[in-house]
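Please read the structure below before turning to the comments.
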Amino acid sequence: MTDLGLLNPPQREAAEQIEGPVLILAGAGSGKTRALTFRMAHMIDMGIPAWSILAITFTNKAAKEMRQRVDALCGGGADEAWVMTFHACCARILRRDIEKLGYKREFTIYDEDDKMVVIKRLIKELAINEKNYPPRSVRSVISDAKNRMLSPQEWLEENPDARSKPYYKLYEAYERTLKSNNALDFDDLLVKTLELLSQHPPVLESYQRKFKYIMVDEYQDTNAAQYQLVRLLSGENRNLCVVGDDDQSIYSWRGADIRNILSFENDFPGCKVIRLEENYRSTSTILDAANEVIAHNRARKAKRLWTKGEQGERLRFFRALDEREEAAYVAENIQSRIREGVSPGEIAVLYRTNAQSRVLEEALVRKGIRYGVYGGLKFYDRKEVKDAIAYLRLLVNPADDVSLRRIINEPRRAIGDSTVDTLEAYARQEGISLLNAALACDRVGLGARAVSAVKGFTNLITSLLMKMMELSPGDFMQALIDDTGLIRQYENSKEPEDESRVENLTELVSAVTEYDHQNPEAGILGFLENVALVTDTDRLEEKSEMVTLMTLHSAKGLEFEAVFLVGLEEGIFPITRALMEETQLEEERRLMYVGMTRAKKWLYLCCAKSRFLFNQRFDNPVSRFVSEIPRELISSGRQAAGPARLGVANANQRLGAKVVTPAGAMQRTGGGAKMPLEGIPGVSKGFGARPQAQRSALFHAGDRVRHRSFGYGTVTEVRQEGKLVVVDFGERFGLKVMAADTAPMTLAEE
DNA sequence: ATCTTACCGATTTTT
DNA sequence: TCGGTAAGAT
């Protein structure tokens, strides 16, 4: 029996309020997960069948944890409950009934790469100018439209200007393509589920009958489609409990709408509001600092976390000369914490962008500290793995033309672009899939060589299809990498990196075997779904021997004894793009708040005076977020530094201005080039070499110039005897200071 | 058909 | 620096 006496009064209230709508406003570290798990366990104790409970979490990892914790509390009765992310939940609903929408049960889930492939093809086909309509922006237009549940037509009505037409056409064609490929993208999982539920009342009613109780965690990060879904499913009984914290809403760029949580009370009148404001995680010093920072936001519900815990130590602030010194500082301090007895698993380094991880890794390696990086390059993103997966997808879903294109000539089997284009034309004319066109290649009008090459491919596919039915998933995966020759091409290769490709393919076989072992009913289809929906970050667990490196976004929901926030510079964090708009800046501040509140005992704030990133050197002022923390809560890091060193005074002066220093500074850090990890920082083959002969005299105030990256600009000022030039690149890039002799810039002819 | 080379452009966060 | 792509060479 679950002992609710272990909860504090509001937590207990949350656990006991089972009927009707409930809004739990749970501050960081307030035992939200605890309240939720106890609530669910309590429901099961009361005799509510687990299968009638739907619990939505933000990540798969959170889902797994929650299920385990509930099981532990009530002795393993949670199996039948649906505890999963929105996307996993939708995938499950659709696997059952998507045929009602004209798709086949074996639909493929396209990832971001697949989307881009489709979009790029369509841009070519529709003869749209890629410069004016870059694929990435097309992708975001489509994704935004879907998140707001707008059809192509509806989107066009909202955006009637002439520039929108190509977007509309692309969106429309994109939809058609995915449908004919029997594929859904991530957004579709939500949108198509909504379509299914709203167009087929019996299906909706069956789920409404099933799910008597619904819980949604991280409600502040739900988007319009997710909101609708929750509304539909909770139906008349309205036994809906949502949990969230408006101060931790950090996904608006993905369509999350903070208004969902702010207006819950209006949407579900009569709802019970419960506030969890007692923090059990951090020291009072850390909490005060975080409270002060977040108080600078205007768009928020007023609240203030408090703790009975001890005061703890002051925050440490350190401003390094460059990113290397910053990394060294982090590594040094991690090392001494570990020597004090802190477990490496209780230490995290958090950064704004994945690109910042490399220099940190180098520093940790040098100190011999074990670490794990989460996010960034994923196992299933590697080329060889994606190829193998593409074969699987095609075998499961023969309509998947994107996967077919990827592997029809991988490994090389002499099927070139022109052959595929011919097949494509035939397929279009006959209204069939590319695979079917390939099977009919006799009739397509190809040369004899091409026909035999294509036949080789289709024979391979047919024989694999037979094997797929006979063999276990694991054995089949092994057969696949052997029969296709995927692994052979790397085994015979001399390239050193191909060795790891072989390893990865072998690891993929183990992954399938392992998955099949744990999910005997799911089969290859289940495995593919798992690949699409489960990210590497979800597998962060039992790595207690390693220091964690991750982005601030992935750190949501986690906690560590010691946390290092690095790159606290204007332009990095807050990131340049957020400096313009108040709402975006507030989201960055929430991200800062999330980062700070991950720390239990020690919080380090780090930044660099000068940083090499994106192949450029930046001289950024200290992040404004640092100056929003009361001085008395901070002590400086390694070197003695008065408050002046905080650099607060100039924090706003040079807002966003990037300074590219002369070649000398670049050399000092070897131009940011990667050095051998175990090597000694000595001779590095910097690319900056020698400044060329006096180009300095080349530029004068008033000159029109053209820069490789920033385009045309006007020289506004020349400094230091012509060594530095200040150039105005207009609205998009603004003022830049660069070294006259190294900047990739020339005089522009008038 | 495939390999080689030379350019250009871009760089947030992720279910 | 990196990766993707377009044009040229074998």
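These numbers come from a predicted model, not from an experiment. When reading the values below, keep in mind they use all heavy atoms of this one structure, side chains included, and skip hydrogens, waters and symmetry mates. The chains referred to below are lettered A, B, ... by the order of the sequence lines, with proteins before strands, and numbering in each begins at 1.
- Ring stacking is absent between F86(A) and dT15(B), as the pair misses the limits of under 5.5 Å between centres and under 30 degrees between planes.
- Of the side-chain N and O atoms in S418(A), one or more sit less than 4.0 angstrom from OP1 or OP2 of dA1(B).
- Nearest-nucleotide positions on DNA chain B for G416(A) and L591(A) put G416(A) closer to the 5' end.
- Counting to the nearest Å, the P atom of dA1(B) and the CG atom of D417(A) are 8 Å from each other.
- Of the candidate nucleotides dT15(B), dT14(B), dT12(B), dT12(B) has the atom nearest to the side chain of T353(A).
- Considering only the side chain of R352(A), dT12(B) comes nearest among dT12(B), dA1(B), dT15(B).
- Of all nucleotides listed (dT2(B), dT14(B), dT12(B)), dT14(B) comes nearest to the side chain of T551(A).
- Out of dT15(B), dT2(B), dT13(B), the shortest distance to the side chain of H553(A) is found at dT13(B).
- Under a 4.0 Å N-O distance rule, the pair K32(A)/D245(A) does not qualify as a salt bridge.
- Both tests pass for R95(A) against the ring of F107(A): distance under 6.0 Å to the centre and angle within 45° of the axis.
- Nearest nucleotide to the W253(A) side chain, out of dT15(B), dT14(B), dT2(B): dT14(B).
- In this structure, D187(A) places its CG atom 13 Å from P of dT15(B), rounding to the nearest Å.
- Residue-level contact check: R590(A) touches neither bases nor backbone, having no heavy atom under 4.0 Å from any strand.
- At the phosphate of dC3(B), OP1 or OP2 sits under 4.0 Å from a side-chain N or O atom of R412(A).
- Annotation: cation-pi geometry not satisfied between K192(A) and Y103(A) (NZ/CZ under 6.0 angstrom from ring centroid, within 45° of ring axis).
- Between L568(A) atom CG and dT12(B) atom C1' there is a gap of 16 Å when expressed in whole angstrom units.
- Separating the NZ atom of K383(A) from the P atom of dC2(C) is a distance of 20 Å, rounded to the nearest angstrom.
- Straight-line distance from the CD atom of E529(A) to the P atom of dT15(B): 16 Å, rounded to whole Å.
- For T193(A) (side chain) and L189(A) (main-chain N/O), a donor-acceptor pair under 3.5 Å exists by modelled atom type.
- In this entry the distance linking CZ of F618(A) with C1' of dT1(C) reads 13 Å, nearest Å.
- In this structure, N354(A) reaches the dT14(B) phosphate: one of its side-chain N or O atoms is under 4.0 Å from OP1 or OP2.
- dT12(B) atom P lies 14 Å from atom CD of E112(A), rounded to whole Å.
- In this structure, CD in E588(A) is found 11.0 Å from OG1 in T583(A), a value given to the nearest 0.5 Å.
- Residues I123(A) and Y133(A) come closest through the heavy atom pair CD1-O, 3.6 Å.
- With dT14(B), dT2(B), dT12(B) as the candidates, the nucleotide lying closest to the side chain of I575(A) is dT12(B).
- Atom CZ of R231(A) has more than 12 heavy atoms from other residues, nucleotides or ligands within 6.0 Å.
- Along DNA chain B, the nucleotide nearest to E587(A) and the one nearest to N409(A) differ in position, and the one closer to the 5' end is contacted by N409(A).
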TODO: Could you run through nucleotides 4-10 of chain C and give me one letter per nucleotide, 5' to 3': B if any protein heavy atom sits under 4.0 Å from the base, S if only the sugar-phosphate is that close, - if neither?
DONE: -S-----
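- Contact between the side-chain N/O atoms of R136(A) and the OP1/OP2 oxygens of dT11(B) is found at a separation under 4.0 Å.
- Separating the CG atom of L229(A) from the C1' atom of dT15(B) is a distance of 14 Å, rounded to the nearest angstrom.
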Counting only pairs under 3.5 Å, give me each side-chain donor-acceptor contact of residues 416-424 of chain A, with atom names and distances, residues two or more places apart or in other chains.
{"from": "T422(A)", "atom 1": "OG1", "to": "S418(A)", "atom 2": "O", "distance (Å)": "2.8"}
{"from": "E424(A)", "atom 1": "OE1", "to": "R405(A)", "atom 2": "NH2", "distance (Å)": "2.5"}
{"from": "E424(A)", "atom 1": "OE2", "to": "R428(A)", "atom 2": "NH2", "distance (Å)": "3.3"}

